[in-house]
2 protein chains.
Amino acid sequence: MSNRRTSPLAAGKAAPAPASPWRTSGARLRDRELKRDAVIRAAAREFNRNGYHNTSLDDIAAALQVTKPTVYYYVTSKEQLLFECFVAGVEQIRAAFREVRQLPLPARERLNAVLRHYGEAVASEFGWCMVRAEDQDLPPAMSRHIKSLKSEVDQGIRRLLREGIQDGSIEACDPKMTAFALAGALNWIAHWYREDQSLTGAQIATAFVTVFEGGLRPRRGALRMNAGARPRRARGALAR
Amino acid sequence: MSNRRTSPLAAGKAAPAPASPWRTSGARLRDRELKRDAVIRAAAREFNRNGYHNTSLDDIAAALQVTKPTVYYYVTSKEQLLFECFVAGVEQIRAAFREVRQLPLPARERLNAVLRHYGEAVASEFGWCMVRAEDQDLPPAMSRHIKSLKSEVDQGIRRLLREGIQDGSIEACDPKMTAFALAGALNWIAHWYREDQSLTGAQIATAFVTVFEGGLRPRRGALRMNAGARPRRARGALAR
DNA sequence: TAGCATTCCTACCCGTGAGTAAAGAAACAG
DNA sequence: CTGTTTCTTTACTCACGGGTAGGAATGCTA
């Protein structure tokens with residue numbers, strides 16, 4: 001609940017330096033919104049590192065070089081922390097949908113753009129929370145809210161698939177299953193990205209999109225032994 | 001650790017009726033292996049329902065109509081419970097690899113067979129544990145073991161992809177990214193299958209395989225009629 | 001500099017849940 | 001029927017962690 005004012009929490013790249021608003025300058029800051037965001041970011045980092053249940057509020061406080069009651073000064077419960085991390089993550093994806101809705105492109109291109117942003121979101125600092133937030137860990141109201149947001153994203157993908165089938169840019173398929181497959185592949189990034197950051201989220205998503213678009217079955221019918229390995233080089237006009 | 005004797009734990013379909021070895025017959029059973037399996041199955045069901053951290057051993061005991069020390073009579077820790085559930089799940093997938101290795105089929109066909117079994121495993125009663133077991137929840141030794149098993153499966157998929165590219169049955173692609181995409185899509189089934197069991201795991205996997213094989217881009221290029229199509233009900237003309 | 005609001009900490013409460021000790025109930029062997 | 005083994009329970013211990021009370025420090029305003 002409690003749609004905060006426009007704190008620029010979403011869409012931020014993970015700051016390598018924690019840069020806590022505490023202990024950085026000698027004087028005590030009075031920017032509430034800033035500190036609140038820092039608390040949520042720190043929570044996201046700790047959740048991402050240890051998991052929600054293996055992270056205590058003392059851990060989060062320690063990461064900020066602060067004590068637990070200080071955290072509670074900015075947040076009312078651990079659940080709220082998880083909830084806000086989730087929302088921050090999913091908001092990036094919703095933004096992608098809004099952004100793409102305007103573009104005069106075939107649905108497949110718009111879908112690809114959304115999927116790329118999706119991948120970036122999952123690889124962001126809030127990715128873990130967005131993907132792994134379990135509704136059983138949250139009170140009913142938050143759980144419902146999360147489910148609703150997840151469903152919105154799912155329906156958005158299905159809609160783009162249907163539009164693509166309509167306008168001929170996407171092969172006929174079952175939108176529901178296809179959406180599950182796409183979202184699943186991207187969501188799963190959150191599981192291994194922590195260990196292997198050799199690519200950015202957008203790069204991963206682009207690689208995935210290539211697979212999804214082309215499919216495993218060879219395009220140009222011939223079942224040639226070796227030699228024919230020619231990567232894709234199609235889509236001139238609209239891509240990019 | 002402690003590789004139990006060959007208890008037929010894996011490969012079993014979820015028994016709708018719990019069928020606890022306790023409280024079913026009047027006399028007290030003395031089959032240790034049977035009861036141990038029942039404990040692990042019950043744990044898997046409860047973990048699947050509430051999540052690992054939201055499941056107490058009292059819950060598991062209650063599900064078996066037994067008390068907590070009884071559970072500890074068959075198992076040494078909660079961690080072991082999770083570990084064994086994981087192993088039971090992943091064992092189904094390893095079996096699929098072994099089975100398929102013999103078949104005289106192009107690699108793509110063998111891959112598809114593995115993926116179908118993979119989907120069944122994820123949709124099985126151990127699917128949740130296999131997919132969501134977090135290494136942070138387990139002691140180092142078990143964590144290493146799990147990582148090793150996961151890696152084995154990953155490498156198995158990559159190998160099939162490489163073989164497929166070699167024998168021409170699979171379009172050239174990046175095996176690592178493609179394997180991540182495939183496994184991710186299938187793993188993610190565990191997240192929504194609980195809520196939507198309208199299809200079996202094998203059916204879902206088959207649907208996924210169809211998507212993966214064909215890809216989203218239309219096969220016969222002819223269908224590219226209105227490529228620059230308007231997005232959803234664009235009022236004005238093509239806004240450039 | 002008094003006075004007020006904001007921010008933060010020390011010191012606590014207490015429910016929960018993993019894990020155990022020790023004794024009781026059933027089966028089995030002789 | 002007696003002793004022994006196997007299984008199950010009652011009745012605990014104890015650490016951990018979410019959350020809070022109340023007060024101290026700091027900054028803002030006049």
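All values below were derived from every heavy atom in this structure, side-chain atoms included, with hydrogens, water molecules and symmetry-related copies excluded. Being a predicted model, the structure only gives us computed values, none of them experimental. Order of the sequence lines fixes the chain letters, A, B, ..., with proteins taken first and strands second; residue numbering starts at 1 for each chain.
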Could you check how far [atom1] of [X] sits from [atom2] of [N], rounded to whole Å?
X	N	atom1	atom2	answer
A:Leu82	D:dG18	CG	C1'	15 Å
B:Asp31	D:dC7	CG	C1'	13 Å
A:Gln65	C:dT7	CD	P	20 Å
A:Ile60	D:dG18	CD1	C1'	11 Å
A:Leu81	D:dG19	CG	C1'	14 Å
A:Tyr73	D:dG23	OH	P	18 Å
A:Arg32	C:dA5	CZ	C1'	12 Å

Side-chain donor-acceptor distances from residues 65-73 of chain B under 3.5 Å, at least two apart:
none

Check ring-ring contact (aromatic ring centres under 6.0 Å, His included) between [X] and all other residues, then give those that pass, not counting sequence neighbours.
X	result
B:Phe208	none
B:His117	none
A:Phe212	none

*asked:* So, using salt bridge (Lys or Arg N to Asp or Glu O under 4.0 Å) as the criterion, who are the partners of B:Asp196 when residues are at least two apart?
replied: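 B:Asp196: salt bridge (Lys or Arg N to Asp or Glu O under 4.0 Å) contacts with A:Lys176.
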*Please round to the nearest 0.5 Å and tell me the distance separating atom CG of B:Leu57 and atom NZ of B:Lys78.*
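Between B:Leu57 CG and B:Lys78 NZ, I get 6.0 Å after rounding to 0.5 Å.
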_Nearest-nucleotide pick for A:Tyr74, side chain only, options being D:dT8, D:dT9, C:dC8_ =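 Of the candidates, C:dC8 comes closest.
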_Nucleotide-resolved protein contact map, nucleotides 10-20 of chain C, B/S/- at heavy-atom distance under 4.0 Å_ = B------SBBB
